[in-house]
Amino acid sequence: MPELPEVQTVVNHIRGDLVGKNIVGIIPLWGKSLHNFKPNDLSIKNKKNRILDVRRRAKFIIIDLGDFIIAVHLRMTGKLYIQKGSSIPKYARAIIKLENSKDLIFDDIRKFGRIYLYKNLTEIDSKHGPEPLGKEFTHEWLYDNLKKKNRNLKALLLDQSFIAGLGNIYVDEILWESGIHPNSISSTISKTKVSLLHNSIQNILKKAINNHGTTFMSFTFLNGRSGNYSNELKIFGKQGEPCKTCGELIKKIKVAGRGTHICSTCQKKYRPGKK
DNA sequence: CCATGAACCTGGTCGC
DNA sequence: TGCGACCAGGTTCATG
């Protein structure tokens, strides 16, 4: 499910219910869900684990407890929400018990999602590039850093150590809007095009956040509430349909091992020796 | 340095 | 209706 806008949506949705509450325990229902700690590591003596803040870094949901953080990564099918009724959901993989509150449920059909316990953000920061909506991410930064690599463009944009938060849906949307073929080589893209690419990254992410992210195929999150950005998608999942700009039929190909949607008329391929 | 494919998992969809 | 093949919004690791 989640790329940056979806993770941000989850954070926005649960933050109000969590900040100020105390975590009194965590119960794994699928052992591997707790990646680097045991439930006891959390319940340090009688000390209460008060949630000071809930925020996002890259695709992680960060639950800030002051002395340490709980970082939740939803991977493909994870969800994080306050429990509704009293029965444990079918795909619940961990339960975070809150004092005087309904539990926080970590739900994940495919069991890829993970919960981490860290002292602070250092570990996560060290493996991630800048936030695309942060002030470090400028036109110049993008141009300079694309230049430094000779990578397949889509693969590079999906690489979290290069830039954090982008995933398969939004990369396809971004590359279509900026008119660049995903199989371009990063170092060969013109400065003007990189500028368009930068604008698309920020505009599409912001718009998706405003629309509470993308959900499709009745795959909802947020306790059944779903995001509306699916209505805004221009190319992802639109194979066989006409391109909204030129009418050419949209194709689905494989790039960097991922299903990739392109308009071969509108998206120019930048490669060494060409312009 | 870079690309590729497998692995981790379960469920939905499509074609026959 | 059944069944197998294939696909899935992510990440990591081994291999060439």
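Basis for what follows: all heavy atoms, side chains included, without hydrogens, waters or symmetry-related copies. Reminder, nothing fancy here: chain letters follow the sequence lines and each chain counts from 1. Only a predicted model underlies this, so the values are computations on that prediction, with no experimental measurement involved.
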Looking at [X], I'd like to know whether one of its side-chain N or O atoms comes within less than 4.0 Å of OP1 or OP2 on [N].
X: A:Lys111; N: B:dT10; result: yes
X: A:Lys59; N: C:dT11; result: yes
X: A:His73; N: C:dG10; result: no
X: A:Tyr229; N: C:dG9; result: no
X: A:Lys90; N: B:dT10; result: no
X: A:Arg258; N: C:dG10; result: yes

Measure the distance from [atom1] on [X] to [atom2] on [N] and round it to the nearest whole Å.
X: A:Leu146; N: B:dC1; atom1: CG; atom2: P; result: 17 Å
X: A:Lys252; N: C:dA8; atom1: NZ; atom2: C1'; result: 8 Å
X: A:Ile109; N: B:dT10; atom1: CD1; atom2: P; result: 11 Å
X: A:Asn183; N: B:dA3; atom1: CG; atom2: P; result: 10 Å
X: A:Lys149; N: B:dC1; atom1: NZ; atom2: P; result: 6 Å
X: A:Arg75; N: B:dA7; atom1: CZ; atom2: P; result: 17 Å
X: A:Ile61; N: C:dG10; atom1: CD1; atom2: P; result: 14 Å
X: A:Glu3; N: C:dT11; atom1: CD; atom2: P; result: 9 Å

pi-stack flag for A:Phe112 and B:dC9, centroid dist under 5.5 Å, interplanar under 30°: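 No, aromatic ring not over the base.
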Complementary nucleotide for C:dG9 - Watson-Crick or wobble, under 3.5 Å: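 When the pairing criteria are applied, nothing turns out to pair with C:dG9, so the answer is none.
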Watson-Crick or G-U wobble mate for C:dG16, both contacts under 3.5 Å: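 Base partner found: B:dC2.
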Say we look at [N] and [M]: how far apart would their [atom1] atoms be, to the nearest angstrom?
N: B:dA6; M: C:dC6; atom1: C1'; value: 16 Å
N: B:dG11; M: C:dT11; atom1: P; value: 22 Å
N: C:dA8; M: B:dG5; atom1: P; value: 14 Å

[Y] ring center within less than 6.0 Å of [X] ring center:
X: A:Phe162; Y: A:Trp141; value: yes
X: A:Phe106; Y: A:Tyr81; value: no
X: A:Phe112; Y: A:His73; value: no

Across the strands shown, which category fits [X] at heavy-atom distances under 4.0 angstrom: base, sugar-phosphate, nothing?
X: A:Gly113; answer: nothing
X: A:Gly257; answer: nothing
X: A:Asp108; answer: nothing
X: A:Tyr91; answer: sugar-phosphate

5'-most by nearest nucleotide on DNA chain C - A:Arg110 or A:Gln160: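 Closer to the 5' end of DNA chain C: A:Arg110.
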Geometric class of the A:Tyr170/A:Tyr229 ring pair [parallel <30°, tilted 30-60°, perpendicular >60°]: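 Rings of A:Tyr229 and A:Tyr170: tilted, 30 to 60°.
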From A:Ile201, A:Val255, A:Leu197, residue fulfilling side-chain contact (heavy atoms from CB on, under 4.5 Å) relative to A:Leu175: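 In the set A:Ile201, A:Val255, A:Leu197, the residue that makes a side-chain contact (heavy atoms from CB on, under 4.5 Å) with A:Leu175 is A:Leu197.
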Residue A:Asn152, side-chain heavy atoms: nucleotide from C:dG10, C:dG9, B:dA3 that is nearest: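 My answer, after comparing the listed nucleotides, is B:dA3.
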A:Lys97 NZ: over 12 foreign heavy atoms closer than 6.0 Å: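 No - once you tally the heavy atoms of other residues, nucleotides and ligands closer than 6.0 Å, there are 12 at most.
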